[in-house]
Colleague: 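This is the structure I want to talk about, given as structure tokens.
We number each residue from 1, following the sequence as shown.
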Amino acid sequence: MAYDGIVVAATVSELNKKLPGGSIVKVAQPEKDELLLGIKVNREQVRLAISANASVPFVCFREENVLSPVNAPAFCMSLRKHIGGGRILNIEQGKNLERVIIFHIEHLDEMGDRGEKLLIVELMGKHSNIILARPDMSIIDSIKHVTALQSSLREVLPGRTYFLPETKHQGFGKVMDEEIAYRAGIDSRIPYEELSVEERGRLETERNKLLSGVDAQRFSPNIIYDGDRAMEFSAVELSSLTGGTYTAVYEESMTAVVKKYYEKRELQNRMRAKSEDIRLLLKNLTERTSKKLDLQEKQYMEAEKRDIYKVYGELLNVYGYGLSGGEKELICENYYDENREIRIPLDPTKSASDNAKRYFDKYQKLKRSSEALRQQITENRNMLYHLDSIKNALLLSENEADLREIRREMAEAGYVKASSGLRQEKGKIRKEEKKSDPLHFVSSDGFDIYVGRNNAQNEDLSFKVASPDDWWFHAKKIPGSHVIVKTGKEDIPDKTVLEAAALAAYYSKAGGENGTSYVEVDYVKRRELKKVPGAMKGFVIYHTNYSILIEPKSDI
């Protein structure tokens, strides 16, 4: 859904109730298109996240802190200079329900004189931007510079005058237009030109009612779910999307709705961008290894036919005495196959014993090849399994620490040398940045459940965190997370078994949002696990286990 003007109006209303008078005590730019402002209001410090991401633009409050680059980007430095320590005077929305939020900020300049700056946030999809300007609308800087080559409508550059092209004015989105039509009792698929005067009047009446509610700041922030999937969000009730499989869940504020709706999508988008190099390498390695494995399996099938050459050699030693020389084949009884006749091709330039030797040599060569191919096939199958496990770990990655662990694992496996390589980490790692932790759940029976995000965590969970009497769960014969239930010496309740198994199914190659309906999961006491000598981290074997077929779930 578009981040429409009514959502912006509700957001501005909320911000104006909380932020005016607050001091900007921190300015951070954790992403190239996102800001995090620390604002102290009435002895309380709040964090305001502002994103100009083309896919996920938003403004919302955020409880958790976000680590920023060691070297602040130029736009961040400009904001610190011009509005750092500044006081928020008020927040307004652009005219005509534009998707624009304008922060008016009072700030002392280098001479100690009071001045005002404008922080303009445009929430317009691919045109989203964050702009710092003076009261006369001259642009100081922006998080995205837009040149004349990039846009024929306007430039967004330092020194240019800020304005918003008329083509960008859009207070109502498609969903809101459909809602107004629904409230007016009109089919939204009918073109406006084909409506009667009376129908147009009804539309205008409902539109004015909606605008009156916006003017009076009567908002009902909500998310519309289709089953378990969040499909829309709105600042007002959407009567057109109620009933059937649709359910409206109301939240206490507009920013809470935005945060809840966009949080997961934003994380997925950013992690996908940051892991592009890993995904490309995994794709290339998987394709290359798969082709190699296909060829080896075909060669192995041919090598497995070697026994016929041994039979040829032995039969030639038995019946070859009857050959006079120059024959192209020998037809004789095959006492290995119920005395049936067999035709043995011959090299007419060689004797029977030489032909026999030739077949024995070929048999031995294929035997050696078969043994080597068997080992290579096993290695390549294990490699494909390992690559799949890394792909699964990527889906669980939530921060740079997760990606660093994956890059480290791939370097240890030698994958960097096998292809073009991964980009090297640049800059220093912040001291406060901690190593990624496993996922943690608590079962209905009160037992701690841990889920590994990657193979390094899987290894640690299974052999460092888990005690011998704890329980271990894993999707059967497919890449996935190790799931540990900390039971100590207590018996594991049936409900906890179901919940841990559902997590193991969900956090596997067969689970997740696009996974299969049911997944088979193995579970054993941790004491039954054995490490595979020479194998990659997280690879284990076990010989005694229980199994359960279960639906993947992450919300136990």
Colleague: Report the C-alpha distance between Asp177 and Lys174 in whole Å, list the side-chain angles of each, state the deciding distance to 0.1 Å, and finish with yes or no for salt bridge (charged side-chain N to carboxylate O under 4.0 Å, His left out).
Modeller: CA-CA 5 Å; Asp177 286 339; Lys174 180 181 178 182; over 6 Å; no
Colleague: Using the ring centroid of each side chain, check whether Tyr385 and Phe539 are separated by less than 6.0 Å.
Modeller: yes
Colleague: Name the residue from His482, Gln457, Arg453 that meets the side chain to side chain contact (heavy atoms under 4.5 Å, CB included) definition with Pro438.
Modeller: Gln457
Colleague: Any donor and acceptor pair, going by atom type alone, linking the side chain of Lys509 with main-chain N or O of Ala475 inside 3.5 Å?
Modeller: no
Colleague: Among Asp448, Asp469, Asp470, which residue satisfies the side-chain hydrogen bond (donor to acceptor under 3.5 Å, both in side chains) criterion with Lys486?
Modeller: Asp470
Colleague: Looking at Glu251 and Lys259, is any side-chain nitrogen of the basic one under 4.0 Å from a carboxylate oxygen of the acidic one?
Modeller: no
Colleague: Please tell me if the side chains of Tyr182 and Leu238 come closer than 4.5 Å, counting only heavy atoms from C-beta onward.
Modeller: no
Colleague: Provide the closest heavy-atom pair for Pro57 versus Gly125 in the form atom of the first, atom of the second, distance.
Modeller: CG-N, 4.1 Å
Colleague: Are Trp472 and Tyr542 close enough that their ring centers fall under 6.0 Å?
Modeller: yes
Colleague: So which heavy atom on Ala456 is nearest to which on Glu409, and how close?
Modeller: N-OE1, 4.3 Å
Colleague: Side chains of Val485 and Thr496: closer than 4.5 Å at any heavy-atom pair?
Modeller: yes
Colleague: Would Asp226 and Leu241 satisfy side chain to side chain contact (heavy atoms under 4.5 Å, CB included), going step by step from the backbone distance to the final call?
Modeller: CA-CA 9 Å; Asp226 184 0; Leu241 294 177; over 6 Å; no
Colleague: Which of parallel (below 30°), tilted (30 to 60°) and perpendicular (above 60°) describes Tyr262 and Phe233?
Modeller: perpendicular
Colleague: Might you point out which heavy atoms bring Lys32 and Gln29 nearest each other, and give the distance in Å?
Modeller: O-NE2, 3.1 Å
Colleague: Taking the side chain from Ser443 and the backbone from Asp445, do they hold a donor-acceptor pair closer than 3.5 Å?
Modeller: yes
Colleague: Using the side chain to side chain contact (heavy atoms under 4.5 Å, CB included) rule, take Arg407 and Asp277 through it: C-alpha gap first, then chi angles, then the decisive distance, then the call.
Modeller: CA-CA 10 Å; Arg407 289 191 174 96; Asp277 58 333; 3.1 Å; yes
Colleague: Can you name the residues that form a ring pair (Phe, Tyr, Trp, His ring centres under 6.0 Å) with His543, not counting sequence neighbours?
Modeller: none
Colleague: Do the charged groups of Arg374 and Glu371 touch, with an N to O distance under 4.0 Å?
Modeller: no
Colleague: Given Phe58 and Tyr3, is the side chain to side chain contact (heavy atoms under 4.5 Å, CB included) satisfied, shown in steps?
Modeller: CA-CA 8 Å; Phe58 63 82; Tyr3 203 116; 3.9 Å; yes
Colleague: Is any side-chain heavy atom of His440 closer than 4.5 Å to one of Tyr450?
Modeller: yes
Colleague: Assign the ring pair Phe441 / Tyr507 to parallel, tilted or perpendicular, where the plane angle (0 to 90°) is split at 30° and 60°.
Modeller: tilted
